2 protein chains.
Amino acid sequence: MSQITPAPTPLSEHRHPDPLQPDGRSTRWADHREARRAELVRIARRVVHHQGPDVSMDEIASAAGTSKSIVYRYFADKTGLQIALADAVLLQMQGALEGALRSADTPRDGLRSMVAVYLEMVESSPHVYSFVTRQPESGAPMVHFLDAVTAMVATPFVRALTESGVTVPGPTSALAQSWAAGAVGFVRGAGEWWMAQQGEPGTPSRDELTRQIASWLWVGPVGFLTRERGSPDRPDPSDRQPPATQETP
Amino acid sequence: MSQITPAPTPLSEHRHPDPLQPDGRSTRWADHREARRAELVRIARRVVHHQGPDVSMDEIASAAGTSKSIVYRYFADKTGLQIALADAVLLQMQGALEGALRSADTPRDGLRSMVAVYLEMVESSPHVYSFVTRQPESGAPMVHFLDAVTAMVATPFVRALTESGVTVPGPTSALAQSWAAGAVGFVRGAGEWWMAQQGEPGTPSRDELTRQIASWLWVGPVGFLTRERGSPDRPDPSDRQPPATQETP
DNA sequence: CCAGAGTACCTGATACCGTCGGTTTCGTGA
DNA sequence: TCACGAAACCGACGGTATCAGGTACTCTGG
């Protein structure tokens, strides 16, 4: 996982093995298959976008002008389709991210760009987002999409860690990965809260939320709030109040 | 296999026939119902714990020595059962949290306690955790469990905000809520990463992860890492470190 | 005041339905 | 001949309807 690449060739468990071997006449089908598969993903994405994350395989198939058996020829199961769709989305996000990162010179700006790209994706198609982040029934413990995003975040982080010569106990990759997983979770949690809030008064704009999240991830609420009050960078750990008891659920 | 009526609590002579109440024949079952409902939740929790988050309603019913119709008499649907189970778990977490908060004097310790309680829950029963955090098919946009935890986090946070006299643009509640949603997401993301990592070398212990997460949430990675290197509390925003740009895939 | 009939409300099993993910069968066209 | 693709099919599951008790309350007549 050296690259930022979202692992576009994921677990082959959910991907159908090519039944045809490189036997000359099969190569002709290879690219056809690939093209058709991509087309199916495209259609599935459109259908999910419009119909919601609960579309059935039948609906997807008929939207593609065909029947389930075809879909199942290209994807092992629904999870396989979900993964393929996630890869398509990830590829697109990566493109947007590269553009944004070109004009980001501080690492913090980089973080902000990542948050921005994520939130843009969520906003641009909540249904697709929901579909892609849904954990499969009795399947892998990790959702491919979130896993890939985590890798995308962890990779530069771990490099920055090693390059900056920070020495921490234990393997740095575990440190970076756990932070990345947490950070992605933060954006996910805040983003989904934000989407659920839409329409309520006081809901921040996407850009506001982006900056907010980046701030919080970077310096924590203390750093952010103290900055708000004037003193830019003194966390003041012996702060007052906070986490106390609360009412019943 | 129970009798038709286990113990309907005959409330005969100790309760006057209230003219406002429609009929004593209906009220008779009230507390029995409540008790049975709780019992069903308990059993469901045990079954989910052992069988995994994909148990069917039939399985739960038969584990309770009855059939689906009974379960559906007490819970509108599977989501209703999920919510009830979540409430039971939340109640327990709240108990643990109150105990922990009693010995936490700084807000940061409070945060650490919350993280600890969450991770303890995840570790104590991954299956129940998974069941309770699963988003229902085509249902509410928010998972009840996560929503409730977010509220538990946001409440003290918003109080701390107002009491400390921090003035921020817009309603403070939106600010607190978005942070809470993000923080819960952070713990969720890191916690699930951690559970998926179990067995790998370099995986932190629960306690290590707890402190790590609390640190990151409180001061961000910059604050944490600079502290690691010696200077306890100087984030130094113009820092080197993390999320930088990276190359193309 | 009381005995018993009638009633309101409940329990609970079983059969059933619609949907959906996934598989198998079989016709057909190159 | 043979792969492709449509359509029938299958099993599982969430959820509902039906029906058969059963118990404690209420009502009525003596």
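Below, chain A is the first sequence line, B the second, and so on; all start at residue 1. Everything numeric here is computed off the predicted structure, so don't read it as measured data.
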When we call it a touch if two heavy atoms are under 4.0 Å apart, what does B:Tyr74 touch: a base, just sugar-phosphate, or nothing?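 Answer is sugar-phosphate: B:Tyr74 comes under 4.0 Å of backbone atoms only.
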[X] [atom1] - [N] [atom2] separation (whole Å):
X       : N      : atom1 : atom2 : result
A:Leu81 : C:dC20 : CG    : P     : 15 Å
A:Arg73 : C:dT24 : CZ    : P     : 13 Å
B:Ile70 : D:dG21 : CD1   : P     : 16 Å

Sort me out a list of protein N/O and nucleotides 25-30 of chain C N/O pairs below 3.5 Å, or just none if empty.
none

At what distance, to the nearest 0.5 angstrom, does CZ of B:Arg188 lie from CZ of A:Arg188?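 Separation between the atoms: 3.5 Å.
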Select one nucleotide: of D:dG5, C:dT14, D:dA6, the one nearest the side-chain heavy atoms of A:Arg36.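 Of the options given, the side chain of A:Arg36 lies nearest D:dG5.
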Listing time: all N or O pairs from protein to nucleotides 14-16 of chain D that are below 3.5 Å?
unit_1	atom_1	unit_2	atom_2	d
D:dG14	OP1	B:Lys78	NZ	2.5
D:dG14	OP2	B:Met57	N	2.9
D:dG14	N7	B:Lys68	NZ	3.4
D:dG15	OP2	B:Tyr72	OH	2.9
D:dG15	OP2	B:Lys78	N	2.8
D:dG15	N7	B:Lys68	NZ	2.6
D:dG15	O6	B:Lys68	NZ	2.5

Identify the two heavy atoms, one from [X] and one from [Y], that lie closest to each other, and give their separation to 0.1 Å.
X        : Y        : result
B:Trp193 : A:Ala181 : CB-CB, 3.4 Å
A:Phe131 : A:Val48  : CB-CG1, 3.6 Å
B:Val132 : B:Ala86  : CG2-CA, 3.5 Å
A:Met121 : A:Ser124 : O-OG, 3.0 Å

Hey, is B:Glu39 close enough to B:Arg42 for a salt bridge, meaning N to O under 4.0 Å?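 A salt bridge is present here (some side-chain N lies under 4.0 Å from a carboxylate O).
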Salt-bridge present (B:Glu34, B:Arg37; N to O < 4.0 Å):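 A salt bridge is absent here (no side-chain N lies under 4.0 Å from a carboxylate O).
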Return all side-chain donor-acceptor pairs below 3.5 angstrom for residues 111-118 of chain B, not counting sequence neighbours, or 'none' if the list is empty.
unit_1	atom_1	unit_2	atom_2	d
B:Ser113	OG	B:Asp109	O	3.0
B:Tyr118	OH	B:Tyr129	OH	2.9

